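Right, one structure below, let's go through it.
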Amino acid sequence: MVYTRRDVGTLTPAERRRFVAALIEVKRRGEYDEFVRMHIEYFLPDGENGPRTAHMAPSFLPWHRRFVLDMERALRRVDESVTMPYWDWTRDRASTAAPWTEDLLGGTGRRSDRQVMTGPFAYRHGRWTIKEGITDVEYLMRELGRPRDPIALPTALDVENALADPVYDTAPWNSTSAKGFRNKLEGWGRGRGAVSWRNHNRVHRWVGGHMVSGASVNDPVFWLHHAFVDLVWSRWQRRHRNARYLPAKPPGPKDAQHGRIVARHERMPPWDVTPDELEDHSAVYRYV
Amino acid sequence: MWWRILMLPCKSNMRPRMRISDRVPEKAVTASVDTAAGCSSLAVDSTGFAGRRHMLRGLSASVAGMALAPFLVASGTAGPERACFRETYRGRRIVVVPDDAGLLGDDASGGWHVTVDGRPLHLMRRVDGSWMTMVDHYQSYPTPLAAARAAVDELGPTAQLGAANGTDGHTDDGGTPNVGQGVEGDHRNGVHA
Ligand SMILES: [Cu+2]
């Protein structure tokens with residue numbers, strides 16, 4: 001049966017409790033850290049050799065769609081009533097609003113070491129110890145809005161600028177693609193510093209702490225963020241009815257991206273699934 | 001800028017290379033550059049990974065010692081672009097070692113091997129020539145040193161590189177994590193419930 005994914009701010013207190021409890025149980029079972037490892041493993045920048053599937057590539061969106069779906073399945077094995085909520089950062093923009101409340105993800109980290117001290121994922125509860133980190137830090141870290149050098153969340157207009165592009169992705173199919181919905185949403189912009197972080201990337205930066213590292217999955221907001229990115233892809237598909245995932249065919253042998261990106265009907269590692277098979281989610285879930 | 005960068009040319013066999021006043025100002029950056037030639041003797045290490053780590057740790061330790069050493073002007077010519085570089089930035093020891101010959105193996109990327117407080121910082125390249133690290137992964141920087149400083153900014157005052165379980169995040173065996181197997185049985189299914 002098709003289930004719905006909802007705005008995290010609309011969950012009832014009981015739904016919030018069950019979502020948090022499911023996350024903590026998936027972590028307790030050891031499954032959560034598998035996801036953290038996998039995301040670290042698949043973050044290969046485009047200046048390195050080798051195939052890219054998760055980032056700086058056309059399959060950024062289907063890769064994360066499947067990744068979120070796998071986590072959602074893990075949560076639903078614990079509690080069938082749970083679905084992945086999304087965080088609409090174009091609307092919920094305050095560091096005190098959902099999802100940063102005591103009954104959801106807790107708030108920002110304390111100033112001295114960015115340690116999250118509030119909510120169910122605070123280290124002192126002993127239920128959210130970071131095991132797959134880039135550093136030796138065992139507590140979850142956040143720095144909402146980055147007070148030492150403030151930045152703002154992307155706006156509805158920023159998202160609209162991506163949505164308006166009628167083409168899914170364009171050559172050279174990497175972080176320098178100037179046109180195409182995918183990179184405008186993924187957010188590798190030109191220039192240096194704050195102006196170059198857009199949409200998806202900028203949100204990672206705004207949350208700070210673990211979310212800016214290769215181990216960003218350690219912060220459960222990763223899933224709420226990527227559920228919203230997934231929703232935006234859905235919206236784009238509805239607006240551009242005939243537009244499809246690109247490239248449709250693999251780049252030829254003379255192309256620098258030959259063998260390095262996933263075309264529409266090619267297998268997308270680590271799964272045995274193609275972007276084509278992930279384009280339509282309407283038989284599984286819908287967004288409300 | 002709130003920091004100062006002091007670069008002094010030096011020969012690799014001369015010990016103190018940094019100008020440090022009696023009191024090191026907080027947040028100061030102190031730096032030294034070796035010529036490429038002087039550096040290569042540091043970089044070449046035939047004992048493999050463990051030996052290399054040991055060597056780099058030792059090197060860093062001596063840099064730490066120097067932080068308290070009296071001011072001493074070294075002689076020599078200014079370092080070329082690809083030179084060993086060491087600096088103390090926000091109290092962290094950054095060492096950048098060029099590795100043109102690939103002597104440092106997989107752990108060095110793009111011809112550079114970088115450590116922070118003696119621990120390897122894995123550098124990765126973007127296609128536009130900029131650099132990024134696992135610590136700061138949604139942004140890139142024009143040089144390996146800039147990426148290393150950004151990593152130090154993200155580390156904050158106490159965190160050290162290297163996970164609690166002893167890896168630096170990336171596994172080197174190229175293996176696929178078994179999320180697919182462990183979490184979900186049916187692989188070939190697109191979007192299915
Ligand atoms: Cu992300």
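On a predicted model such as this, the values are computed, not experimentally measured, just so you know. The sequence lines fix the lettering, A, B, ..., with proteins before strands; numbering per chain opens at 1.
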Side chain, backbone, both or neither of A/Arg114 within contact of chain B (heavy atoms, under 4.5 Å): side chain
For A/Glu48 against B/Met124, the heavy-atom pair lying closest together: OE2-CA, 3.3 Å
Contact class of A/Arg148 relative to chain B, heavy atoms under 4.5 angstrom: side chain
Chain B contacts, top residue of A/Pro275, A/Gly214, A/Pro269 (heavy-atom pairs, under 4.5 Å): A/Gly214
Proximity breakdown for A/Asp46 and chain B, heavy-atom pairs closer than 4.5 Å: both
Per-residue contact mode, A/Met56 against chain B (heavy atom under 4.5 angstrom): side chain
side-chain contact (heavy atoms from CB on, under 4.5 Å) between A/Arg205 and B/Asp136, worked out: CA-CA 9 Å; A/Arg205 172 71 43 188; B/Asp136 185 353; 2.3 Å; yes
Separation between CZ of A/Arg202 and CD of B/Gln139, rounded to the nearest 0.5 Å: 10.5 Å
Nearest non-hydrogen partners of A/Pro45 and B/Arg126, listed with the distance: CB-CG, 4.5 Å
Among B/Ser140, B/Ala151, B/Pro142, residue most engaged with chain A (heavy-atom pairs, under 4.5 Å): B/Pro142
Over all atoms of both residues, closest heavy-atom pair of B/Val127 and A/Ser175: CG1-OG, 4.3 Å
Gap separating the CG atom of A/Asn49 from the CZ atom of B/Arg125, nearest 0.5 angstrom: 7.0 Å
Contacting moiety of A/His200, where chain B heavy atoms sit under 4.5 Å: side chain
Heavy atoms from other residues, nucleotides or ligands near CZ of A/Arg244 exceed 12 (cutoff 6.0 Å): yes
Heavy-atom pair with the smallest gap, counting every atom of B/Pro157 and A/Ser112: CG-O, 3.7 Å
Parallel, tilted or perpendicular: ring planes of A/His55 versus B/Tyr138, cut at 30 and 60 degrees: perpendicular
Portion of A/Tyr32 that has a non-hydrogen atom of chain B nearer than 4.5 angstrom: neither
Residue selection (most heavy-atom pairs with chain B, distance under 4.5 Å) from A/Ala215, A/Ser196, A/Ser216: A/Ser216
A/Glu143 side, atom CD; B/Glu154 side, atom CD - distance, nearest 0.5 Å: 6.5 Å
